[in-house]
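Letters go in sequence order (proteins before strands), and every chain restarts at 1.
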Amino acid sequence: MIRRMLLALILFLAFPAYAVEPSEMLKDKTLEQRARDVSRNLRCLVCRGEDIDSSHAELAADLRRLVRERIVEGDTDDQIYAYLRARYGDYVLMRPPMEGKTTVLWLAPVVVFCAGFAVVLLRRAREGMEK
Amino acid sequence: MRNKRKPVALDLVLHPEVFHADALVHVDQKADSASQISNSKGALYRFAPFVLFLIIAALCAFPLLKGADPSAPSSPLIGKPAPRINLPPALNGMEGFETENLRGKKPILVNFFASWCGSCRGEQAVLEKIYTSEDILIFGVDLKDQPKALEIFLAETGNPFDAVVADKDGRAAIDWGTTGVPETFLIDREGIVRYQHTGPLTEDVWTRSFLPLVEAMK
């Protein structure tokens, strides 16, 4: 019984962990929201699979601070992305930009889906003919 | 063909001409109707998946054998002017450097390191060797460190640096597109970044990646 209660307690206390420290946050709510949105589009280059908004890596914290500083200085979101892309490449963006060499990446799912759909249609047509 | 299922999508790609009514029977799963036509093209169908596999395997093997880390961030700074740097010398009485010092008579290595970083310790011997054998300047950027700790570190490993600056908040590290320590940049006489190496600088890395570039600068 006690074990179960403990388990329930532990599960109840398992809140999602946010990486952004209160000391990092901007006082202005709209600017802070912008910083959060920008952060969610930027990859933590140490943990690779995580955005900097949810990463606890030190580099991610440094990047969060940098994003906020730039927002306060009046940079647009695109200027911030451009600054980091010039240093870390497209990889720093969680969503690779649609351009030249990445068109294959973006279009492949559509092409594969259409091809699959075409195959299904052809098979249907064939079955119809056999009858 | 006696076997069961043939990849229709592959047929579609390789032989779009077979997709008229007669040929469609041929890709049927029923063995008897399929065997009528497939003898002529059986061999092709049998080997098509294998050939496709070989192509994909070759595409995968190429970067794997090259030993590159496919998930490593690229180095967009290569070919660009070295990013600005404006930091104080790491220790009292020590030489520092600024952006304008990154263009000069000799090629420059800019090494991001820290006393708290284990693999930076092993790197020092390699830097020392480069320092004595090459006509090159070695600048250090000490990341998020304590002066006391740096002093002890340099006393223990020997000091291969011509100048060391302190990056207390890690801003220069971001400006230079580094993801941690150690990282090493090669800068030519024009102040252009020629190479960026992430991770410890080993003798192997030096001779394979840096040395040819340094030689070319002579």
Side-chain angles (χ1 to χ4, degrees), chain A residues 23-24 42-50 52 55 57-70 73 80-94 96-97 101-102 104-105 111-131, chain B residues 5-13 15-16 18-30 32-34 69-84 112 114 116-117 143-144 167-181 183 185 193 196 198-199:
Chain A
S23 59
E24 292 176 11
L42 292 171
R43 187 186 305 275
C44 166
L45 293 130
V46 179
C47 9
R48 306 282 170 89
E50 244 180 336
I52 61 167
S55 169
E58 225 179 308
L59 179 68
D62 288 350
L63 287 170
R64 282 198 298 270
R65 264 192 293 277
L66 176 112
V67 165
R68 282 167 176 78
E69 267 179 42
R70 299 217 145 227
E73 280 166 22
I80 297 170
Y81 295 137
Y83 171 88
L84 287 169
R85 267 178 85 187
R87 281 152 183 84
Y88 292 104
D90 290 344
Y91 192 69
V92 77
L93 305 174
M94 291 301 278
K101 59 181 177 183
T102 56
V104 178
L105 184 71
V111 171
V112 169
F113 179 81
C114 291
F117 197 65
V119 167
V120 170
L121 282 184
L122 279 166
R123 288 204 149 189
R124 284 254 170 106
R126 189 190 66 216
E127 273 163 23
M129 253 174 275
E130 273 174 12
K131 281 168 196 167
Chain B
R5 212 166 217 216
K6 276 151 252 108
V8 181
L10 193 66
D11 291 346
L12 189 64
V13 175
H15 312 284
V18 303
F19 275 82
H20 55 78
D22 278 357
L24 282 172
V25 177
H26 147 237
V27 287
D28 200 289
Q29 290 167 25
K30 290 177 196 160
D32 51 350
S33 57
D69 176 3
S71 62
S74 54
S75 307
L77 284 173
I78 292 175
K80 302 254 169 57
R84 67 198 146 84
F112 283 76
W116 45 262
C117 142
L143 185 70
K144 298 186 178 177
D167 186 12
K168 287 248 183 290
D169 58 3
R171 184 51 50 87
I174 293 176
D175 248 343
W176 283 64
T178 71
T179 51
V181 278
E183 282 203 27
F185 294 80
V193 176
Q196 175 181 3
T198 308

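Taking CG of B/Leu143 as the start and CG of A/Asp62 as the end, the distance is 8.0 Å to the nearest 0.5 Å.
A/Leu59 places none of its side-chain heavy atoms less than 4.5 Å from the side chain of B/Thr178.
Of the two parts of A/Leu63, the backbone and the side chain both hold a non-hydrogen atom closer than 4.5 Å to a non-hydrogen atom of chain B. For chain A, the nearby part of B/Lys144 is the side chain; its heavy atoms alone come within less than 4.5 Å.
Between A/Gly89 and B/Pro76, the shortest heavy-atom distance links the atoms N-CG, 3.2 Å.
Checking side-chain atoms of A/Arg87 against main-chain N and O of B/Asp175 turns up a donor-acceptor pair under 3.5 Å. Judged by distance alone, with hydrogens and angles left aside, the side-chain atoms of A/Tyr88 form no donor-acceptor pair with the main-chain N or O of B/Ser75 at under 3.5 Å.
When the side-chain contact (heavy atoms from CB on, under 4.5 Å) test is applied to A/Ala57, the partners found at least two apart in sequence or on another chain are A/Cys44, A/Val46, A/Cys47, A/Ser55, A/Ala60.
Comparing A/Arg43, A/Arg65, A/Glu69 by how many heavy-atom pairs each has under 4.5 Å with chain B, the most go to A/Glu69.
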